[in-house]
Q: 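This structure is in structure tokens; I'll ask about it shortly.
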Amino acid sequence: HTEIVHDRGVLELFRGCVRGCRFCQAGMIYRPRREKSMSTLLCDAEEIINESGYDELGLLSLSTMDYSHIGHLVHDLTEQYSDNGISLSLPSLRMDAFSVEIAKEVQKVRKGTLTLAPEAGSQRMRDIINKNISEDDIVNTAAEAFQNGFRSLKFYMMIGLPFEEQEDIEGIKDLIHEVKTATGKGLNLSVSVGTFVPKAQTPFQWCGQESEKTVREKQRELKAWAKTQKGVRLNYHDFETSFLEGVISRGDRRIGDLLEKVFSLGGRLDGWSEYFRFDLWQRAMEETGINGTYYAQRWFDLHASLPWDHISCGVTKEFLQKEYKKAKSMVTTPHCYDGVCHGCGLGCRKEGTLPCDSE
């Protein structure tokens, strides 16, 4: 018998996100941010544990550490359930000392790997994607985690981002080197490198993916470098899967014919690598006359009509265009929780939902 992935109870703290990362579709379409109250979450936790029998509870949201009462919630849950061997888990953490303290509290029952998401190695690229963290934030958080007993860290990174240059790839190497230097011996660092996939309803919806040749060259370069670094393990997503994600994410109604054709050719459970057959997708594209490269790698004009323009998630196209231009100029936008409205179109200030503590 084999456990399923994420075999734990899930406690969703809130919907939406205030961070505004320009590659993130969920952060745009799930606005505005809506929190659950502490009392509701504690009741939900009790019901999940009693009804499911799980011995682990995941505190999940797009940016879990932004929950207004995260410290109190973790303390209360730990106090109530740690004696019964029930542990808490967190997704990737914010880059600050408070996150490390919370993670330390969470892992009193069961130690695990601490996950951080710098996304990009260079400050230039982090400004482009609006990550709003500095190299010092990343290095200091990793060092503090190590000093607090975390010997295994995981980094989420991305390549192929819009306006990326070779210096940004070098930045990934430099960042990892700085982290290893700051922590000293004994740190095991796992680096997961994803390939950028443009998503509808984001500031990067106009941007195309990089070519297979370019992506594979960057993957080989980083993999070869990582092999020379003690205590660093690097893995990356295969190009074919990322490419098809790009085709589907920016597709129009004709992609429906492609999906039907793949299914008729025998494609099943493609999200599992052992069942994934890229040859079926290639054959289906040939038979339907669909050019996958056109969808995944084409850069759209900023004022072009897009296949999803008739769908509104509340965030205006004008706001996305403004964020795209700011990305090109490497200008960041502070997150909404600082109390400043950036005019995305939702009218949170007008409706009184920023910040929102409603159910």
Q: Should Lys218 and Glu221 count as an ion pair when the cut-off is N to O under 4.0 Å?
A: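 Not counted as a salt bridge, because no side-chain N and carboxylate O are separated by less than 4.0 Å.
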Q: Please check if Tyr54 and Val10 belong to a single hydrophobic cluster, counting links between Ile, Leu, Val, Met, Phe, Trp and Tyr side chain heavy atoms closer than 4.5 Å.
A: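 As far as the 4.5 Å side-chain criterion goes, Val10 and Tyr54 are not connected within one cluster.
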Q: Walk me through whether Val331 and Lys325 qualify under side-chain contact (heavy atoms from CB on, under 4.5 Å).
A: CA-CA 9 Å; Val331 176; Lys325 292 174 182 177; over 6 Å; no
Q: Could you tell me whether the side chain of Ile169 reaches within less than 4.5 Å of the side chain of Gln166, counting heavy atoms only?
A: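 Yes, side chains in contact.
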Q: Can Asn132 and Arg19 be said to form a side-chain contact (heavy atoms from CB on, under 4.5 Å), step by step?
A: CA-CA 8 Å; Asn132 279 314; Arg19 294 285 157 179; 5.8 Å; no
Q: Between the main-chain N or O of Glu165 and the side-chain N or O of Asp168, is there a donor-acceptor pair closer than 3.5 Å?
A: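 Yes: the side chain of Asp168 pairs with the backbone of Glu165.
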Q: In plain terms, say whether Arg283 and Glu286 are close enough for a salt bridge, that is, a side-chain N and a carboxylate O under 4.0 Å apart.
A: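 Between Glu286 and Arg283 there is no salt bridge, as every charged N stays at least 4.0 Å from the carboxylate O atoms.
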Q: Could you measure the distance from the CG atom of Leu234 to the CD atom of Gln219? Nearest 0.5 Å is fine.
A: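 Between atom CG of Leu234 and atom CD of Gln219 there are 9.0 Å.
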Q: For residues Trp308 and Arg250, determine if any side-chain heavy atom of one lies less than 4.5 Å from a side-chain heavy atom of the other.
A: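 Sidechains of Arg250 and Trp308: in contact.
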Q: Between Met330 and Arg124, is a side-chain contact (heavy atoms from CB on, under 4.5 Å) present by the stated rule, with each step listed?
A: CA-CA 7 Å; Met330 294 175 287; Arg124 172 186 175 275; 3.3 Å; yes
Q: Any side-chain heavy atom of Arg33 within less than 4.5 Å of one from Phe14?
A: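 SC-SC contact between Arg33 and Phe14 confirmed.
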Q: Could you tell me whether Glu12 atom CD has more than 12 heavy atoms of other residues or ligands within 6.0 Å of it?
A: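 Enclosed.
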Q: Do the side chain of Glu164 and the main chain of Gly160 share a donor and acceptor less than 3.5 angstrom apart?
A: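 Confirmed, Glu164 side chain pairs with Gly160 backbone.
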Q: How many angstroms lie between atom CG of Leu13 and atom CG of Asp44, to the nearest 0.5 angstrom?
A: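 Answer rounded to 0.5 Å: 10.0 Å.
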Q: So which heavy atom on Phe146 is nearest to which on Leu187, and how close?
A: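 Looking at all heavy atoms of both residues, the shortest contact is CE1-N, 3.7 Å.
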Q: Determine whether Leu42 and Leu90 fall in the same hydrophobic cluster, where Ile, Leu, Val, Met, Phe, Trp and Tyr are linked whenever their side-chain heavy atoms lie under 4.5 Å apart.
A: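 Result: yes, single cluster for both.
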Q: Do other residues, nucleotides or ligands put more than 12 heavy atoms under 6.0 Å from His177 NE2?
A: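 No - once you tally the heavy atoms of other residues, nucleotides and ligands closer than 6.0 Å, there are 12 at most.
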Q: Between CZ of Arg8 and CD1 of Ile86, what distance do you get to the nearest 0.5 Å?
A: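 Arg8 atom CZ to Ile86 atom CD1 measures 14.5 Å (nearest 0.5 Å).
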Q: Is Phe263 reachable from Ile248 through a run of hydrophobic residues whose side-chain heavy atoms are each under 4.5 Å from the next?
A: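 No; Phe263 is not reachable from Ile248 via cluster members.
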Q: Between Phe319 and Cys344, is there a side-chain heavy-atom distance shorter than 4.5 Å?
A: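 Contact flag for Cys344/Phe319 side chains = yes.
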Q: In Å, rounded to the nearest 0.5 Å, how long is the span from CG of Leu77 to CG of Leu88?
A: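 Answer rounded to 0.5 Å: 5.5 Å.
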Q: Would you say Gln123 and Asp127 are linked by a side-chain donor-acceptor pair, where the criterion is simply a distance under 3.5 Å?
A: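 There is such a pair (donor and acceptor under 3.5 Å, judged by atom type) between the side chains of Asp127 and Gln123.
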Q: Under the 3.5 angstrom rule, does the side chain of Arg126 hit a backbone N or O of Gly121 as a donor-acceptor pair?
A: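 Checking the backbone N and O of Gly121 against the side chain of Arg126, a donor-acceptor pair under 3.5 Å is found.
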Q: Do Trp281 and Glu240 get their side chains close enough for a donor-acceptor pair, meaning under 3.5 Å?
A: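 The answer is no; no qualifying pair exists.
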Q: If you look at every heavy atom in Pro198 and Ser249, which pair is closest and at what distance?
A: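 Shortest heavy-atom contact: O-OG, 2.6 Å.
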Q: On a heavy-atom basis, which atom in Asn235 and which in Lys223 lie closest, and how many Å separate them?
A: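 Looking at all heavy atoms of both residues, the shortest contact is CA-NZ, 4.4 Å.
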Q: Considering non-hydrogen atoms only, spot the tightest contact between Ala284 and Val262 and give its length.
A: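 Here Ala284 and Val262 meet closest at CB-CG2, 3.6 Å.
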Q: Check Tyr295 against Gly251 and note the closest heavy-atom contact, atom names and distance.
A: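 For Tyr295 versus Gly251, the nearest heavy atoms are CD2-CA, 3.7 Å.
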Q: Mind running side-chain contact (heavy atoms from CB on, under 4.5 Å) on Gln209 and Val197 for me, showing each step along the way?
A: CA-CA 6 Å; Gln209 283 183 298; Val197 177; 3.7 Å; yes
Q: Where the side chain of His335 meets the backbone of Gly20, is there a donor-acceptor pair that is under 3.5 Å apart?
A: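 Side chain of His335 to backbone of Gly20: no pair is present.
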Q: Quick check against the 3.5 Å criterion: does Asn130 have a side-chain atom that pairs as donor or acceptor with the backbone of Thr333?
A: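 Confirmed, Asn130 side chain pairs with Thr333 backbone.
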Q: Going through the checks in order, is the side chain to side chain donor-acceptor pair (under 3.5 Å) test met by Ser122 and Glu167?
A: CA-CA 8 Å; Ser122 68; Glu167 67 182 82; 5.6 Å; no
Q: Once you measure the plane-to-plane angle for His69 and Tyr67, does it fall in the parallel (<30°), tilted (30-60°) or perpendicular (>60°) bin?
A: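 Answer is perpendicular, since the angle exceeds 60°.
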Q: Report yes if the side chains of Lys173 and Leu222 come closer than 4.5 Å at any heavy-atom pair, otherwise no.
A: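 In short, these two side chains touch, coming nearer than 4.5 Å.
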Q: When you look at CZ of Arg151, are more than 12 heavy atoms from neighbouring residues, nucleotides or ligands closer to it than 6.0 Å?
A: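 Buried by this count: over 12 neighbours within 6.0 Å.
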Q: So Tyr324 and Leu302, do their side chains get closer than 4.5 Å, heavy atoms only?
A: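 Of all side-chain heavy-atom pairs linking Tyr324 with Leu302, at least one is under 4.5 Å.
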Q: Counting C-beta onward and ignoring hydrogens, is there a side-chain heavy-atom pair between Ser52 and Glu47 closer than 4.5 Å?
A: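 Heavy-atom side-chain distance check fails, nothing below 4.5 Å.
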Q: Counting only heavy atoms from other residues, nucleotides and ligands, does the tally under 6.0 Å from OH of Tyr81 exceed 12?
A: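 Yes, enclosed.
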Q: I'd like to know if the side chain of Gln25 reaches the main chain of Ala200, judged simply by a donor and an acceptor atom lying under 3.5 Å from each other, with no hydrogens or angles considered.
A: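 Yes: the side chain of Gln25 pairs with the backbone of Ala200.
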Q: Are any of the side-chain heavy atoms of Lys131 and Ile138 separated by less than 4.5 Å?
A: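 Answer no - side chains too far apart.
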Q: How far does CD1 of Ile128 sit from NZ of Lys328, to the nearest 0.5 angstrom?
A: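 That separation rounds to 11.0 Å.
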Q: Between the side chain of Thr64 and the main-chain N/O of Leu59, is any donor-acceptor distance below 3.5 Å?
A: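 Yes, Thr64 side chain to Leu59 backbone: donor-acceptor pair under 3.5 Å.
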Q: Crowded around Tyr156 OH? As in, over 12 foreign heavy atoms under 6.0 Å?
A: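 Open: at most 12 neighbouring heavy atoms sit under 6.0 Å from OH of Tyr156.
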Q: For residues Trp299 and Phe163, establish whether the separation of their ring centroids is below 6.0 Å.
A: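 Between Trp299 and Phe163, the centre distance is under 6.0 Å.
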Q: Using 0.5 Å steps for rounding, measure from the OG atom of Ser61 to the CZ atom of Arg34.
A: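 Answer rounded to 0.5 Å: 10.5 Å.
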Q: Honestly curious: do Phe278 and Val215 fall in one hydrophobic cluster under the side-chain, below-4.5 Å linking rule?
A: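 Yes, Phe278 and Val215 fall within the same hydrophobic cluster.
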Q: Would you name the heavy atoms of Lys180 and Thr183 that are closest together and state the gap between them?
A: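 That would be O-OG1, 3.3 Å.
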Q: Counting only heavy atoms from other residues, nucleotides and ligands, does the tally under 6.0 Å from CZ of Arg15 exceed 12?
A: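 Count not over threshold, so no.
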Q: Is a side-chain N or O of Gln205 found less than 3.5 angstrom from the main chain of Gln201, in a donor-acceptor match?
A: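 At least one qualifying donor-acceptor pair exists.
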Q: Report whether Ile133 and Val193 are members of the same hydrophobic cluster (ILVMFWY, side-chain heavy atoms less than 4.5 Å apart, transitive linking).
A: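 They do share one cluster, since a chain of ILVMFWY contacts under 4.5 Å joins Ile133 to Val193.
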